[in-house]
Each structure stands twice: as C-alpha cells, then as structure tokens.
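Here's the structure we're looking at; comments come further down.
Numbering of ligands and ligand atoms starts at 1, following listing order. Starting from 1, each residue takes its place in the sequence as its number.
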Amino acid sequence: MRYITAGESHGPQLTAVIEGLPANLTIDIDQINHDMWRRKQGYGRGARQQIETDEVQITAGVRHQKTLGSPVTIQLANKDFAHWQSVMSPTEPATAENTVRQVTKPRPGHADLVGGMKYQHKDLRNVLERSSARETAMRVAVGSVAKQFLKALGIDVLGFVRQLGSVKADTAKLNEFADLEALRKVTEASEVRTFDPAAEAEIKMNIDAAKKAGDTLGGVVEVIVTGVPAGLGSYVSADQKLDGRLAQAIIAINAFKGVAFGDGFELANHPGSEDMDEIFYDQGKGFYRQTDHLGGFEGGMTNGMPIVITAVMKPIPTLYKPLRSVDVNTKEAYEANVERSDTTAVPAAATVAEAMTAITIAQAVLDMFDANAMDRLQAQVAAYREELKNY
Ligand SMILES: Cc1cc2nc3c(=O)[nH]c(=O)nc-3n(C[C@H](O)[C@H](O)[C@H](O)COP(=O)(O)O)c2cc1C
Ligand SMILES: C=C(O[C@@H]1CC(C(=O)O)=C[C@@H](OP(=O)(O)O)[C@H]1O)C(=O)O
C-alpha cells in the first residue's frame, strides 16, 4: 500500500490517493471524520481550527462502504479558501492585486528560507502553503483507513500526549489502564489528550501562560499498538526493518525531532540485565515476554509485545514574540510578525503520530500477506497467528 497527498494550506482542497488496499475492506466514513475531529481539537490550537469543519469525502475506490481494490481517493475542502480565493487561485494569472500577500520574510524554524532557495521562489508563500501542517489532515484520513484495516485483523493503535511543555503525565497512572479502549476513552475526553487529570490542569495553565507571553510549547507523544503478531518487518535488509520505517514515518511529521522505542533513551541508564525482555514459554500461548523494555521490536521485527513509540515535537516555530530574521529581497534584518498560529499542537500531533504508525504497520502487513482480498488476508493472518503459537 502506498499513498500520496496533495494540497496547499489555503488552497481549494486537500486530496489523498491510497493505492494497494485489499478489496472488501469495510470503510466507515464516520470513523474517519471522528479522527479528523480528534486532530482538530486540543487546548492551545489557533483560530484556523474554528474556520474548518474537516469532514472528508470519499470520491473513488469505495462502493457501498467496501473497497474495490482500486485506488481510493479522499478529499477535504479548505473552508478558509473562501478568504484566499484570489491569492491562492490555481488558474487566474498573477496580478498586482492577487499577489499582495507575498511573503518575503522567512520564519525561523519553518521551511520558508531553504524552500525558497531550493525551488527559486521569492514569494515564500509558495513554500509555506505546502510545508504547513495543514497537510497532516490528509495523513490522519489515510491513517484512519489504515486503522480500520488493522482493526479487522485484531490490531489496535492509539496515540496520546505524554508530556506537554515541561509537564509530564504520571507513568504510574498509565499502567492502571486495562486496555487501549479504556485509555482511548480517557485521552479522547481530555482537552490535552492525556490520561493524567492533575497533569492536564497544569498543562492548560502553562499553555495559557505561554500564549500570554507570545511563546509556544512542544511536548512528547506516545503511540501504542496492541495485537501485533510477531514477525512483521525483517532483519535481512536495512530498508525492511520495521522500527526503522516507523522512525522515518514519525520524524516525517511536521515539527517532530526525536523518536524512541520502548524505554528509549532511558535504556542507557540501566545495564543490559535490566533492559532485555526475557523469553518464557507456555503450552497454550507459545513463547511470550513479561516485560516490554524494547518496545515490541527485536532485529527490526515485531516480537509480539505491544509496540511502544515515544516522539518529541519541538515548540511551534511561529511566535508572537518576535524572532530575528532577514527579508529575502531587501536583505534587511527584521523581527518576524505573526497573523495567527497555534500556541501548541501536541494533542493534535498525537493523532497524526497514531495515523503515521497505523499506515506503516498496515504497509508491513500488506507486504507480508495477500494484499488483494480482505477475507483471504484475514484467513492468512489467523493461520499465521496459529502457526506462531505452535512454533
Ligand atoms: C498538527 C500540527 C500543527 C501545527 N501548527 C503550526 C502552527 O500553527 N504554526 C506553526 O508555525 N507551526 C505549526 N506546526 C509546525 C510546522 O508545520 C513545522 O514546524 C514546520 O513546517 C517546519 O517543519 P519541521 O519543524 O519539521 O522542520 C504544526 C505542526 C503540527 C504537526
Ligand atoms: C491548518 C492547520 O494547521 C496550521 C498549521 C500551520 C503550520 O505552519 O504548520 C499554521 C497554521 O495555519 P494558518 O496559518 O492557516 O493559521 C495552522 O492552523 C491544521 O492543522 O488544520
């Protein structure tokens, strides 16, 4: 399965094309729109989210809620385009009137300056429109389809917030959740998508304070995947290592700067005897582990334990507090000014990280099993799970 997205932040619409989904997968559009809603939410988001409704349309590859095996197209209108029609028109020629909102002042932390140099744009709007995280809306739509595919195979994926700014949610509280369903309910109801109400209250205060100071906040998201059979991905070649592919997918989210599996950077603080997940055997369930320090991966392959990914998002680069930069035409120094921006988007980014994870795991499943028809694929996965138990 592969996908591509197209669309500018203030252009007419965003589009995703997914190729390689098996036929007869049931697609629930309400579920997609629910995930779109989750990405739109989150304390600290800016005014743009009040303009958009983010309800998608499926325009190809699905009939009566079932995939056909042909490419699937998902479309999303940008409501904000109404305010940018002339500036962002794909067909009108450039005139003095419709190029008035040219951007010549690159914002530090954005693609603006280097994108302009690379593509020979002097109106940096030509860069920022596509480098904007608006595009992550389509990744969430594709991810929602991937999640529905995985769910049909007993694999569940959830992303949530672990830390926002310097405030960390309490790990002991996370361990109290019986399953992902219970965790989903609590984190979905949280305005900052976390599971710790005490941390949530403190985080909201910090977001208010950052906003007041014209500053922004980053944070750490976590994604957990349960029900994964052992053996997805492979150790045989670097490009087949599934942990490596997941790391690429996560770092490819706007503003993500680091990714780790299991205990992650904490692994360095312990000797090997405390970090490995020892192997046990039971007649009924086969080989199993009692711990998951390595986050579900050995040798680039899933080992049957939950996949646990944490990833860090830098603070939003557009600040109301001005940052120093230089105009690309006049070469004069200036201090950046801002129209509108998010104070933080870590809660939204947790949904994006969940989507990128789901897409990557779905691709690994489709690389390994029959990718044509859902029934045959389900039968193969069930037989494979049985084979593993009897190994
Ligand atoms: C969900 C989400 C929302 C974002 N919202 C904003 C925003 O409102 N303002 C902003 O300057 N950056 C925002 N960003 C981050 C920028 O898109 C990103 O930092 C920029 O494109 C440069 O890419 P890089 O940080 O990956 O190098 C957002 C990122 C995500 C994932
Ligand atoms: C539009 C979205 O996020 C945008 C991501 C973004 C950026 O620079 O990445 C900048 C802001 O856009 P605007 O300049 O239109 O206010 C955010 O609102 C979205 O997530 O749907």
Side-chain angles (χ1 to χ4, degrees), residues 5 7-11 13-14 33 35-56 76-84 87-88 101 103 105-116 118 124-141 143 159 161 164 192-193 207 210-211 214-221 223 248-259 311-323 325 336-356:
T5 74
E8 280 66 47
S9 179
H10 305 100
Q13 72 166 41
L14 300 163
N33 284 329
D35 284 328
M36 301 302 283
W37 171 85
R38 289 170 67 219
R39 198 200 67 95
K40 240 168 71 63
Q41 302 305 302
Y43 202 78
R45 287 281 251 164
R48 175 75 187 271
Q49 299 313 309
Q50 277 132 47
I51 299 171
E52 303 298 338
T53 43
D54 284 4
E55 285 191 5
V56 301
L76 175 64
N78 284 320
K79 294 236 157 121
D80 206 17
F81 178 59
H83 311 117
W84 295 81
V87 176
M88 289 303 296
R101 285 165 98 168
V103 178
K105 297 172 168 43
R107 300 160 303 167
H110 272 277
D112 302 357
L113 178 61
V114 187
K118 180 177 166 73
L124 304 180
R125 177 159 303 289
N126 291 336
V127 177
L128 74 86
E129 284 290 337
R130 180 62 184 164
S131 65
S132 163
R134 177 70 185 146
E135 185 265 347
T136 61
M138 291 329 282
R139 301 202 223 169
V140 167
V161 171
L164 209 156
V192 295
R193 292 265 178 279
I207 295 173
K211 191 173 178 183
D215 223 323
T216 59
L217 296 174
V220 176
V221 304
V223 182
Q248 191 282 335
I250 298 287
I251 292 295
I253 303 169
N254 307 44
F256 274 63
K257 282 294 181 188
V259 62
V312 62
M313 181 181 191
K314 76 185 186 190
I316 296 287
T318 307
L319 308 180
Y320 287 89
K321 198 187 236 173
L323 289 175
S325 183
N337 57 337
V338 180
E339 288 173 29
R340 67 174 178 212
S341 194
D342 298 334
T343 303
T344 190
V346 180
T351 305
V352 183
E354 170 188 292
M356 294 305 284

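For E129, the side-chain contact (heavy atoms from CB on, under 4.5 Å) criterion is met by E8, S9, H10, M88, R125, not counting sequence neighbours.
Closest to atom 17 (C) of ligand 2, if we only count protein heavy atoms, is D342 OD2, 4.1 Å. With hydrogens left out, the protein atom closest to atom 23 (O) of ligand 1 is A255 N, 4.1 Å, a heavy atom. For atom 1 (C) of ligand 2, the closest non-hydrogen atom of the protein is R134 CD, 3.3 Å. Of all protein heavy atoms, the one closest to atom 11 (O) of ligand 1 is T318 OG1, 2.4 Å. Distance from atom 22 (C) of ligand 1 to its nearest protein heavy atom, with residue and atom name: G109 O, 3.3 Å. Of the protein's heavy atoms, D342 N, 3.0 Å lies nearest to atom 8 (O) of ligand 1. Ranking the protein heavy atoms by distance from atom 20 (C) of ligand 1 puts H110 ND1, 3.7 Å first. The protein heavy-atom contact nearest to atom 21 (O) of ligand 1 is S131 O, 3.2 Å. The protein heavy-atom contact nearest to atom 4 (C) of ligand 2 is S132 OG, 3.9 Å. The nearest heavy-atom contact from the protein to atom 12 (N) of ligand 1 is P317 CD, 3.5 Å. In terms of protein heavy atoms, atom 30 (C) of ligand 1 is closest to A133 CB, 3.3 Å.
When side chains are defined from C-beta on, E135 counts as touching R130, because their heavy atoms get closer than 4.5 Å. The shortest side-chain heavy-atom distance between V161 and V192 does not fall under the 4.5 Å cut-off. Annotation: side chain of L217 is not in contact with side chain of V346 (no heavy-atom distance under 4.5 Å).
Listed by number with element, the atoms of ligand 1 under 4.0 Å from a non-hydrogen atom of R45 are 3 (C). Close contacts between ligand 2 and R39 involve ligand atoms 19 (C), 20 (O), 21 (O) [criterion: under 4.0 Å to a heavy atom]. Within the listing of ligand 2, atoms 5 (C), 7 (C), 9 (O) sit less than 4.0 angstrom from a heavy atom of A133. Every atom of ligand 2 with a heavy atom of H110 under 4.0 Å away is listed here by number and element: 8 (O).
No N or O atom of D54 sits closer than 3.5 Å to an N or O atom of ligand 2. Checking only distances, S131 never comes within under 3.5 Å of ligand 2, N or O to N or O. Ligand 1 has no N or O atom lying under 3.5 Å from any N or O atom of R107, backbone or side chain. For ligand 1, the polar-atom distance check against S341 finds a nitrogen or oxygen pair separated by under 3.5 Å. Taking distance alone, with nitrogen or oxygen atoms compared against 3.5 Å, R48 approaches ligand 2 more closely than that limit. Looking at ligand 2, you won't find any N or O of R107 less than 3.5 Å from one of its N or O atoms. Polar contact with ligand 2: present for R45 (N/O pair, distance under 3.5 Å). Looking at Q49 next to ligand 2, an N or O pair under 3.5 Å apart turns up. Note: an N/O pair closer than 3.5 Å links R340 and ligand 2 by distance alone.
When heavy-atom distances to ligand 1 are checked against a 4.0 Å cut-off, K314 comes that close only through its side chain, counted from C-beta outward. In M313, the part holding a heavy atom less than 4.0 Å from any atom of ligand 1 is the side chain. Residue contacts with ligand 1, taken as heavy atom pairs separated by less than 4.0 Å, do not involve Q49 at all. Only the side chain of I316 comes within 4.0 Å of ligand 1, counting heavy atoms alone; its backbone N, CA, C and O stay farther away. Contact annotation for E52 and ligand 2: no heavy atom of the residue comes within less than 4.0 Å of the ligand.
Rounding to the nearest 0.5 angstrom, the gap separating the OG1 atom in T136 from the CD1 atom in I253 is 8.0 Å. Here L113 contributes atom CG and K118 contributes atom NZ; the two are 13.5 Å apart, rounded to the nearest 0.5 Å. Within the model, atoms CE of M356 and CD of Q248 stand 7.0 Å from one another, a figure rounded to the nearest 0.5 Å. Here the CG-CD distance, from D80 to Q49, works out to 10.0 Å after rounding to the nearest 0.5 Å. Considering CG of D112 and CG of L124, their distance stands at 5.5 Å, rounded to 0.5 Å. Distance check, rounded to the nearest 0.5 Å: CD1 of I316 to CG of D215 gives 11.5 Å.
For atom 19 (C) of ligand 2, the protein comes within 4.0 Å by at least one heavy atom.
Closest approach of P108 to L323, counting heavy atoms only: CG-CB, 4.0 Å.
At distances below 3.5 Å, not a single donor-acceptor pair connects side-chain atoms of R48 with backbone N or O atoms of R340. Put simply, the side chain of E55 never gets that close to the backbone of N33: no donor and acceptor are under 3.5 Å apart.
Not a single heavy atom of R340 sits less than 4.0 Å from an atom of ligand 1.
Within 6.0 Å of atom NZ in K211, 12 or fewer heavy atoms from other residues, nucleotides or ligands are found, so the atom counts as exposed in its surroundings.
With respect to the salt-bridge test (charged N to carboxylate O, under 4.0 angstrom), the residues D54 and R134 qualify.
T53 and K79 share a donor-acceptor pair across their side chains, judged by distance under 3.5 Å alone. Under 3.5 Å, the side chains of H110 and T318 contain a donor-acceptor pair of N or O atoms.
With T216 as reference, L319 is the one residue of T344, D342, L319 to meet the side-chain contact (heavy atoms from CB on, under 4.5 Å) rule.
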